[in-house]
Novice: 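This is the structure I have questions about; it appears just below.
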Amino acid sequence: MSGKLIVCPYCFAKFKDEEVHFRMETVFEKEEDCDPDGLGRPLIDIEETGNRALLEAFKAKYCFLAKKDERYEKFWSVFGATTERASLSKDGKNAVAPYLRLVLDPRSMEHGRFFRGKAEENEDGLVVSVTDCFGKKTDRRVCPQCHNPLPGTYGKNQTKFISVVGITGAGKTVYLSQLCKHFKAFAANLGITSIPTSKGAMEFILSHPVAMGEPLPEGSPPEALTQPIFYDLNLRNGSKVVTNTVVFYDIAGENCVDHEKMKHFGPFVEQSDGIMLLIDPVQLGGGGLYDGTAGPTAVLEAIYNRFANKKQEDIRSMPLAVCISKGDTAALQITGRNMEEVQHVQDGQKHFLPVFNADSYNSLQSMLKGFVDDNEAELRTHLINLFDNYNYFLFSAIGASTHKIVSGGEEKEVPAAPPIPKRIQEPLFWLFHKFGYIGVNAEINSPEQPCQDRGDCGGEHVTLRKRMSLIFRKERGAQP
């Protein structure tokens, strides 16, 4: 056995890989399915036969009857209901919700009678599957504490947790849908092969489609917990391939500032190795509130307070990407040009390199820093005093103009052209650099470095940031 220490991506319990439990592949939907002779008889009819062997065979199957899992139900009860979906078993039958399957512990003497042989390991010594007493093999590993699924070979590689926290109206749902849709292509531009290890990414895309002529998806209910999204990142380093796992969490900003909700969503923020904070530019300048909802500084305070039990240096050093959405509108109004896409670094043979392109990023960063300096003194002060490892980003999750239509009696935004996101991967690449996954081709501008001292800025970005400030102050209804 590998002895790998695993951190559950749901309840964050820590355990060794050999301590995982398994959901059984064998499952029976109703009592009559447990009849060993296939006659559909219930238990009472089997008992009346007086056939002891038949009764024992029935009871063995009955243990695999679909039913609620107490540990699983307890975890999801605080989020209203589970968001895990049902799927067919590997033989194309039994569309039973996965969380209704029997969970067993291969190391338990009590459960030993339900297994055939010992738990199986992969070439790395990681416990990955078991075979039940009916001869069916399962690789449905779950956390021994909360019984939530551990996809693929989760726990084998170094894992980083990333919380995507969206201020109301910032377009977090659209952002995540587009990020999942294009994630493989984005990673390929770093020379990385990304593999989704759960159905979470595809389910998020299908549940929140972003397409021309279709209303933009609405956000998830604030009280609901969306299934985490898992990716394995594979990058060749000489003769070896290094694999890292990233897990994304969808966190609504209002959950951060609500004390009761933060009790439930707080652990996902607290356990984060990096945070992406999405802000609508018109929310800047509103202090702690915007239209009665949580503003950027209120969310930052909640994030900081959640980390209060950790060492202060851990809080301050955590990478925080402050991401301003709807960048296509800003770029077009300010420069008269569409926002440029991220330029990827290549070698002489046109091979993509695992490098964050600071040269491409720095000039845009200068403008963003100035924009925040001119519009949001409170946000800037919070960042300076509470966090050391942060930076600003601008993106467009749609990359196309929108128009409004009435659908279902409500006015909704609809993309007027095929959505082509721009720069949505840049804050993620920055986090990858901070995690040590990729390198950098130049020094990355610091948000605390005065703009006028930078050789890449000149006077152009000072003018642009002032124009940007006027535009969005006008949109907020403020006096220029």
Side-chain angles (χ1 to χ4, degrees), residues 5 7-12 14 157-167 170 172 175-176 179 228-231 233 244-253 255-257 262-279 294-324 356 358 361 365 368-369 372 376 378-393 395 424-440 443-449:
L5 183 65
V7 178
C8 175
Y10 291 84
C11 71
F12 302 104
K14 296 180 180 180
N157 311 302
Q158 182 190 68
T159 301
K160 296 291 187 183
F161 301 130
I162 301 174
S163 285
V164 182
V165 181
I167 307 298
K172 171 176 58 65
Y175 176 85
L176 273 172
L179 185 65
I229 299 170
F230 299 79
Y231 286 96
L233 308 177
N244 291 290
T245 300
V246 290
V247 183
F248 293 94
Y249 299 104
D250 176 5
I251 307 294
N255 289 332
C256 293
V257 296
M262 194 58 165
K263 290 181 181 178
H264 309 315
F265 288 89
F268 301 100
V269 175
E270 184 179 346
Q271 296 295 328
S272 295
D273 296 288
I275 291 178
M276 301 169 69
L277 179 65
L278 275 55
I279 305 173
T297 56
V299 175
L300 279 178
E301 290 169 6
I303 290 173
Y304 184 83
N305 288 334
R306 185 65 202 189
F307 279 89
N309 293 329
K310 293 193 174 184
K311 294 181 180 179
Q312 190 176 51
E313 55 266 31
D314 292 338
I315 305 171
R316 296 183 63 88
S317 63
M318 182 196 63
L320 172 66
V322 181
C323 309
I324 300 175
F356 179 83
Y361 166 74
Q365 190 270 3
L368 292 175
K369 170 186 160 42
V372 174
E376 186 57 274
E378 189 176 344
L379 173 63
R380 179 191 177 198
T381 302
H382 274 55
L383 290 168
I384 291 173
N385 291 330
L386 303 182
F387 301 93
D388 286 335
N389 199 5
Y390 70 95
N391 226 321
Y392 303 115
F393 299 87
F395 72 87
I424 67 172
Q425 72 273 43
E426 194 163 42
L428 181 61
F429 288 0
W430 179 77
L431 288 179
F432 286 177
H433 169 62
K434 292 296 181 178
F435 295 160
Y437 295 170
I438 62 176
V440 65
E443 183 179 353
I444 301 174
N445 280 354
S446 166
E448 305 314 323
Q449 184 179 355

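Note that the structure is predicted; figures quoted are calculated from it, not measured.
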Novice: Atom CH2 of W430 and atom CD of Q365: how far apart are they, to the nearest 0.5 Å?
Specialist: 10.5 Å
Novice: If I take atom NZ from residue K263 and atom CZ from residue R306, how far apart are they, to the nearest 0.5 angstrom?
Specialist: 10.5 Å
Novice: Looking only at heavy atoms, what is the nearest atom pair of L379 and P296, with distance?
Specialist: CD1-CB, 4.2 Å
Novice: Rounded to the nearest 0.5 Å, what separates atom CG in L431 from atom CZ in F393?
Specialist: 7.0 Å
Novice: Is the shortest heavy-atom distance from the side chain of P447 to the side chain of L383 under 4.5 Å?
Specialist: no
Novice: Provide the closest heavy-atom pair for I424 versus Y175 in the form atom of the first, atom of the second, distance.
Specialist: O-OH, 2.7 Å
Novice: Under a 4.5 Å cut-off applied to non-hydrogen side-chain atoms, are L428 and I162 in contact?
Specialist: yes
Novice: So, for K172 and L278, which heavy atoms are closest and what is the spacing to 0.1 Å?
Specialist: CA-CD2, 3.7 Å
Novice: When F161 is tested against each of F268, F435, F12 for ring pair (Phe, Tyr, Trp, His ring centres under 6.0 Å), which residue passes?
Specialist: F12
Novice: Compare every heavy atom of I438 with every heavy atom of H433, then report the nearest pair and how far apart it is.
Specialist: ND1-O, 3.2 Å
Novice: Would you please name every residue forming a side-chain contact (heavy atoms from CB on, under 4.5 Å) with N244, sequence neighbours left out?
Specialist: Q158, V242, Y437
Novice: With rounding to the nearest 0.5 angstrom, report the CD to CE distance, E270 to M262.
Specialist: 8.5 Å
Novice: Taking atom CD1 of I324 and atom CD of E376, what is their separation to the nearest 0.5 Å?
Specialist: 10.0 Å
Novice: For the residue pair R316 and D388, what are the closest heavy atoms and their distance?
Specialist: NH2-OD1, 2.5 Å
Novice: Using a 3.5 Å distance criterion without hydrogens, assess whether the side chain of T159 forms a donor-acceptor pair with backbone atoms of N157.
Specialist: yes
Novice: Less than 4.5 Å apart, any side-chain heavy atom of L320 and any of N389?
Specialist: no
Novice: I'd like to know whether F356 forms a side-chain contact (heavy atoms from CB on, under 4.5 Å) with E426, so could you lay out the CA-CA distance, the side-chain angles of the two residues, the decisive distance to 0.1 Å, and finally the verdict.
Specialist: CA-CA 8 Å; F356 179 83; E426 194 163 42; 3.9 Å; yes
Novice: Using the rule side-chain contact (heavy atoms from CB on, under 4.5 Å), only one of L176, V164, I229 pairs with D250; which is it?
Specialist: L176
Novice: Rounded to the nearest 0.5 Å, what separates atom OG1 in T297 from atom NE2 in H382?
Specialist: 5.0 Å
Novice: Using a 3.5 Å distance criterion without hydrogens, assess whether the side chain of Y361 forms a donor-acceptor pair with backbone atoms of N445.
Specialist: no
Novice: Evaluate the side-chain proximity of Y249 to F265: yes if any heavy-atom separation is below 4.5 Å, no if none is.
Specialist: no
Novice: Determine whether C256 and E301 make a side-chain contact, defined as any pair of heavy atoms from C-beta on separated by less than 4.5 Å.
Specialist: no
